[in-house]
There are 2 protein chains.
Amino acid sequence: MTDNAKPTQTQASADNPIVMIVDDDPSMRRALTNLFQSVGLRVEAFGSAAEIMEAKPPVVPSCLVLDIRLPGSSGLDLQADLAKANIHTPIIFITGHGDIPMTVRAMKSGAVDFLTKPVRDQDMLDAVQAAIERDRKRRDAEKTVSGVRSRFESLTERQRDVLSLVASGLMNKQVAAELGLAEITVKIYRGQIMRKMGAKSLADLVRMTEALGIRRTKGNLQT
Amino acid sequence: MTDNAKPTQTQASADNPIVMIVDDDPSMRRALTNLFQSVGLRVEAFGSAAEIMEAKPPVVPSCLVLDIRLPGSSGLDLQADLAKANIHTPIIFITGHGDIPMTVRAMKSGAVDFLTKPVRDQDMLDAVQAAIERDRKRRDAEKTVSGVRSRFESLTERQRDVLSLVASGLMNKQVAAELGLAEITVKIYRGQIMRKMGAKSLADLVRMTEALGIRRTKGNLQT
DNA sequence: GGGCGAGCTATACCTAGGTTTGTCCCGTAG
DNA sequence: CTACGGGACAAACCTAGGTATAGCTCGCCC
């Protein structure tokens with residue numbers, strides 16, 4: 001049972017959650033790996049920040065367990081790098097001799113928890129559980145929105161114009177006036193929008209625009 | 001210029017933000033009061049958790065600056081008490097000898113910041129600024145929703161039934177079938193709903209129900 | 001140059017949404 | 001008892017939403 005830089009494979013099964021460990025201390029990695037495996041979690045262990053940045057982002061609910069002191073960059077730097085790379089895997093920090101400003105910074109940046117060594121097993125498991133639950137929720141929300149977004153991308157320019165005005169509550173004739181179109185044209189676009197977006201009702205469509213954060217861009221009057 | 005238990009009055013003007021200080025150390029209260037007043041903030045200083053719980057919740061954007069060690073209950077207890085009392089004024093903690101678990105607990109419970117003594121003036125002012133901004137946003141959102149909510153309360157039972165179904169995207173005839181009504185009845189309720197809710201369009205109405213968190217309560221079929 | 005898709009419009013036709021007026025039942029507050 | 005409000009419905013009428021069919025221009029790609 002080696003546990004150096006290469007990911008430790010565990011429960012290669014279905015799509016159950018993964019815990020990723022980043023710690024330069026092999027004995028710590030081993031201890032954490034054993035702990036998580038004992039409750040049936042998949043584990044991948046890394047020895048440095050660089051290693052995990054090279055790995056591909058996980059596609060299942062997961063979380064990171066990070067020592068705040070890491071060779072090269074600190075855990076906080078890694079947190080910032082991941083955020084910049086738009087990777088939002090929840091992070092649990094562990095520290096031997098962290099201070100309060102560090103803790104505050106980590107928590108403000110969205111860390112799930114910040115545990116001090118020696119870490120009680122149960123505390124760690126609780127934190128991981130909470131982190132994975134958070135990631136699961138985030139992924140669900142993400143998945144829903146991304147489906148809607150890709151359908152939105154498939155709309156033509158004009159259809160988007162009409163969509164934003166319709167979703168803001170204007171009648172077809174008002175949309176037509178606003179865009180310098182005939183009412184019939186708006187109706188036809190509207191039908192196309194409903195089909196492309198897969199909306200079964202106006203209410204559906206409104207909710208989709210809410211999820212996409214589409215706001216009425218006032219003032220696009222045509223001569 | 002005394003600054004004991006009674007609120008220190010400052011800039012009794014309009015509705016600019018209030019900073020509330022809770023610290024049992026008079027010299028600390030005085031120093032903080034001076035600091036905040038120097039940048040034009042209104043200040044109210046208290047000597048204990050009990051005192052501030054008796055005071056009425058502020059009606060303008062505000063924040064709390066709390067020493068984690070307080071006579072009687074700790075700052076964390078006060079934070080919990082305020083949450084239980086449904087008071088969501090943002091909190092900034094200051095501590096002389098806090099530890100990391102304490103910090104984590106405070107931040108998890110929504111504290112804006114957690115500063116260690118000696119506190120740099122600029123850090124404190126930055127934290128207060130952020131806290132007040134957060135409170136302002138929360139209040140704005142709250143105000144909007146509470147208006148909608150009170151209008152919703154004014155609806156009759158039946159109107160609410162119809163509202164939830166209409167907002168979920170059903171056609172009038174489907175709503176009628178679901179509730180065992182005639183279509184015309186649904187139309188009439190629908191009009192009443194639009195008027196009472198002050199919605200100018202169905203899109204408006206849908207957004208209101210979203211804000212209220214109204215979800216389709218499936219399965220209310222009548223014989 | 002012909003086919004294609006987007007954009008735009010018109011006519012015709014149908015369905016869905018919405019108001020007005022009026023009627024009836026029921027329970028309850030005065 | 002009467003007045004009132006909520007709930008339910010009908011007929012009549014009007015507006016808004018939506019589809020089908022058809023026709024036009026423009027730019028683009030092969």
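Below, chains carry the letters A, B, ... as their sequence lines are ordered, and counting in each starts from 1.
Rounded to whole angstrom, the span from the NZ atom of K187(A) across to the C1' atom of dA20(D) amounts to 13 Å. Rounded to whole Å, atom P of dC9(D) lies 10 Å from atom CG of L179(B). Per the geometry, CD1 belonging to I193(B) stands 11 Å off P belonging to dG7(D), to the nearest Å. For the pair I184(B) CD1 and dA8(D) C1', the computed distance is 11 Å after rounding to whole Å. The nearest whole Å value for the distance from the CG atom in L170(A) to the C1' atom in dG17(D) is 15 Å. dA8(D) atom C1' lies 15 Å from atom CD of E183(B), rounded to whole Å. Between the CD atom of Q192(A) and the P atom of dG18(D) there is a distance of 13 Å, given to the nearest Å. Atoms CG (L205(A)) and P (dG17(D)) sit 13 Å apart, rounded to a whole Å.
Using a 4.0 Å cut-off between a side-chain N of Lys or Arg and a carboxylate O of Asp or Glu, D113(B) and K108(A) qualify as a salt bridge. Salt bridge annotation for R138(B)-D135(B): present, with a cationic side-chain nitrogen under 4.0 angstrom from a carboxylate oxygen.
The phosphate of dA8(D) has OP1 or OP2 within less than 4.0 Å of a side-chain N or O from R158(B).
Atoms CG and CG, from L78(A) and L66(A) in turn, are 5.0 Å apart once rounded to the nearest 0.5 Å.
No donor-acceptor pair under 3.5 Å is formed between the side chain of S109(B) and the backbone N or O of M107(B).
Within the 4.0 angstrom heavy-atom criterion, only backbone atoms of the sugar-phosphate kind lie near T156(A); the bases stay farther away. Across all strands shown, I188(B) has heavy atoms under 4.0 Å from base atoms, whether or not it also approaches the sugar-phosphate.
Side-chain contact between T156(A) and K196(A) is present, with at least one heavy-atom pair separated by less than 4.5 Å. Contact annotation: the side chain of L82(B) approaches that of I91(B) to within less than 4.5 Å [non-hydrogen atoms, C-beta and beyond].
Taking a 6.0 Å sphere around CD of E133(A), one finds it holds more than 12 heavy atoms contributed by other residues, nucleotides or ligands.
Of all nucleotides in DNA chain C, those with any atom nearer than 4.0 Å to a heavy atom of chain B start and finish, going 5' to 3', at dA16(C) to dT19(C).
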